[in-house]
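First the proteins, then the strands, lettered A, B, ... as listed; each starts at 1.
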Number of protein chains: 2
Amino acid sequence: MPKPSQTESQATPADSAAGTLKRKRTFAIGELAEMFEVTPRTIRFYEQEGLLSPERKGQRRIYHDKDRVRLKLTLRGKRLGFTLAEIREVVELYDAMPGGNTRQLHRMLEILAEKRADMEQRLEDIRLMQHELDDVETRCRAVLERLEP
Amino acid sequence: MPKPSQTESQATPADSAAGTLKRKRTFAIGELAEMFEVTPRTIRFYEQEGLLSPERKGQRRIYHDKDRVRLKLTLRGKRLGFTLAEIREVVELYDAMPGGNTRQLHRMLEILAEKRADMEQRLEDIRLMQHELDDVETRCRAVLERLEP
DNA sequence: TATTCCCTTTACGTTAACGTCAAGCATAAC
DNA sequence: GTTATGCTTGACGTTAACGTAAAGGGAATA
């Protein structure tokens with residue numbers, strides 16, 4: 001993992017100036033890219049893979065807050081090691097949810113259960129890894145202790 | 001993530017028959033592969049990448065418990081999203097630790113700190129993802145409630 | 001002795017997730 | 001008007017992490 005960082009810089013929350021006029025802010029691809037420290041190419045690629053479908057203004061892509069959130073979730077999924085295909089399956093089902101048929105909904109619950117189990121495994125892996133880190137650090141410091149006064 | 005499973009089947013602990021004769025058990029590549037549900041090819045590849053260096057008996061590879069542990073840690077690292085290159089760096093430093101010079105040891109501590117921060121980020125990601133899952137499941141069940149009696 | 005396994009190396013193939021040009025349009029700034 | 005900036009669509013390139021097939025060794029079993 002080359003880039004563990006990523007917290008989506010807060011941006012100026014100067015939108016709620018005098019009330020609840022949120023629905024205005026949109027983003028160009030470059031802005032969004034900078035926000036999440038990815039390249040525009042990455043964002044276009046995600047669209048091509050069916051993970052985003054921004055509005056178009058002529059030729060240009062216009063991203064709304066909904067798109068930003070979806071990108072955020074996508075990147076989080078990636079950091080968790082999911083493939084784009086897996087993420088897309090959830091996304092598609094999610095989009096189809098309101099009018100979804102029973103079978104789709106049950107499929108969704110199925111996937112959710114899988115992901116949940118997955119998260120548990122990951123938590124366990126992290127726990128174990130943290131212990132490993134503690135262990136190695138202890139030994140490491142012990143050796144250093146013997147080398148430095 | 002295609003294969004979230006993986007708990008390294010306990011194998012028969014029939015080794016400690018009458019005392020502490022542990023140092024005997026070794027494994028062929030096929031055994032090890034089956035244990036961890038990977039292919040022999042994967043294990044050979046890890047060796048080629050400098051993550052394992054099993055003993056040789058003639059042409060055949062012989063894996064000791066130390067190798068098994070290292071493979072286990074490697075696979076865990078992978079599940080956590082580390083690249084083989086990252087894992088190797090740690091492994092190499094770890095091997096060099098006992099006789100390691102001060103610079104290497106400090107580098108090790110540096111890496112450990114990075115990994116630790118990384119684990120924290122992952123924990124946060126998992127926490128958020130779990131909330132997402134809860135959220136989606138709730139909506140999902142709500143829609144189902146309206147469709148089924 | 002012949003067959004069956006399991007192993008070996010070599011080497012080319014594959015997939016996901018982008019990177020990296022290239023060529024061109026459009027709007028804002030000068 | 002023209003220059004600069006940021007966008008657009010191809011299209012080919014790249015990297016990691018193996019998969020897969022070929023050709024063969026050796027020991028154990030039928």
Side-chain angles (χ1 to χ4, degrees), chain A residues 1-6 26-64 67-68 70-92, chain B residues 1-6 26-64 67-68 70-92:
Chain A
M1 246 123 219
K3 295 293 159 196
S5 71
Q6 197 279 354
T26 64
F27 317 88
I29 196 171
E31 298 177 282
L32 213 57
E34 193 173 0
M35 263 184 189
F36 291 98
E37 300 182 51
V38 297
T39 68
R41 167 63 172 135
T42 297
I43 297 180
R44 287 192 204 102
F45 182 71
Y46 289 173
E47 176 178 350
Q48 177 184 323
E49 295 298 297
L51 292 167
L52 298 171
S53 35
E55 189 194 333
R56 293 287 183 133
K57 192 136 196 168
Q59 187 164 235
R60 264 72 186 299
R61 293 171 173 84
I62 306 291
Y63 297 89
H64 294 251
D67 300 306
R68 185 188 58 82
R70 177 160 293 187
L71 177 56
K72 184 176 68 184
L73 294 179
T74 298
L75 292 173
R76 181 181 300 151
K78 278 233 61 190
R79 287 201 306 277
L80 288 172
F82 295 111
T83 66
L84 295 183
E86 289 176 301
I87 297 172
R88 181 183 46 209
E89 189 179 11
V90 176
V91 163
E92 283 176 353
Chain B
M1 239 113 226
K3 294 293 159 195
S5 71
Q6 198 279 355
T26 64
F27 317 90
I29 196 171
E31 296 177 282
L32 213 57
E34 194 173 358
M35 263 184 189
F36 291 99
E37 300 183 50
V38 299
T39 68
R41 167 62 171 139
T42 297
I43 297 181
R44 288 192 204 101
F45 182 72
Y46 289 173
E47 177 178 350
Q48 177 182 324
E49 294 299 297
L51 292 168
L52 298 171
S53 35
E55 190 194 333
R56 293 287 182 134
K57 192 136 196 166
Q59 185 163 235
R60 264 69 186 300
R61 293 171 173 85
I62 306 290
Y63 298 89
H64 293 250
D67 300 307
R68 186 189 57 82
R70 178 160 292 187
L71 176 56
K72 184 176 69 184
L73 295 179
T74 298
L75 292 173
R76 183 182 299 152
K78 279 233 60 190
R79 288 201 305 277
L80 289 171
F82 295 110
T83 67
L84 294 183
E86 289 175 302
I87 297 172
R88 181 182 47 210
E89 188 179 12
V90 177
V91 163
E92 283 175 352

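- Remark: the B:R61 side chain and the C:dC7 base include no donor-acceptor N/O pair separated by less than 3.5 Å.
- Distance A:L84 CG to C:dC18 C1': 9 Å, rounded to the nearest Å.
- Checked by atom type and distance alone, the side chain of B:R70 never pairs as donor or acceptor with a backbone atom of B:L52 at under 3.5 Å.
- Of the residues in residues 44-56 of chain B, B:F45, B:Y46 come within less than 4.0 Å of DNA chain D through at least one heavy atom, sorted by number.
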Can you give me the N/O atom pairs linking the protein to nucleotides 19-21 of chain C at distances under 3.5 Å, or say none if there are none?
unit_1 : atom_1 : unit_2 : atom_2 : d
C:dG19 : OP2    : A:T39  : OG1    : 2.7
C:dG19 : OP2    : A:T42  : OG1    : 3.4
C:dG19 : N7     : A:R41  : NE     : 3.1
C:dG19 : O6     : A:R41  : NH2    : 2.9
C:dT20 : O4     : A:R41  : NE     : 3.4

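- Note: CD1 (B:I29) to C1' (C:dT9) measures 12 Å, nearest angstrom.
- Put simply, the side chain of A:F45 does not reach to within 4.5 Å of the side chain of A:T39, judged on heavy atoms.
- The outermost nucleotides of DNA chain D lying under 4.0 Å from heavy atoms of chain B, listed 5' to 3', are D:dA17 to D:dG25.
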Would you please test B:L84 and B:K78 for side chain to side chain contact (heavy atoms under 4.5 Å, CB included) and show each step? CA-CA 7 Å; B:L84 294 183; B:K78 279 233 60 190; 3.9 Å; yes
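- Taking CZ from A:R68 and CG from A:L73, the interatomic distance works out to 9.5 Å, rounded to the nearest 0.5 Å.
- Closest-nucleotide positions on DNA chain C for A:A85 and B:G30 were compared, and the one nearer the 5' end corresponds to B:G30.
- OP1 or OP2 of C:dC18 has at least one side-chain nitrogen or oxygen of A:K78 nearer than 4.0 Å.
- The residues B:E47 and B:R56 are annotated as salt-bridged, a charged nitrogen and a carboxylate oxygen being separated by less than 4.0 angstrom.
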Between A:F36 and A:I43, does the side chain to side chain contact (heavy atoms under 4.5 Å, CB included) criterion hold? Intermediate values first, please. CA-CA 10 Å; A:F36 291 98; A:I43 297 180; over 6 Å; no
Output, in order, the C-alpha distance, side-chain angles, deciding distance and verdict of side chain to side chain contact (heavy atoms under 4.5 Å, CB included) for B:Y63 and B:M35. CA-CA 12 Å; B:Y63 298 89; B:M35 263 184 189; over 6 Å; no
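- Counting to the nearest Å, the C1' atom of C:dC7 and the CD1 atom of B:I62 are 10 Å from each other.
- Taking atom CD1 of B:I43 as the reference point, atom P of C:dT9 lies 13 Å away to the nearest angstrom.
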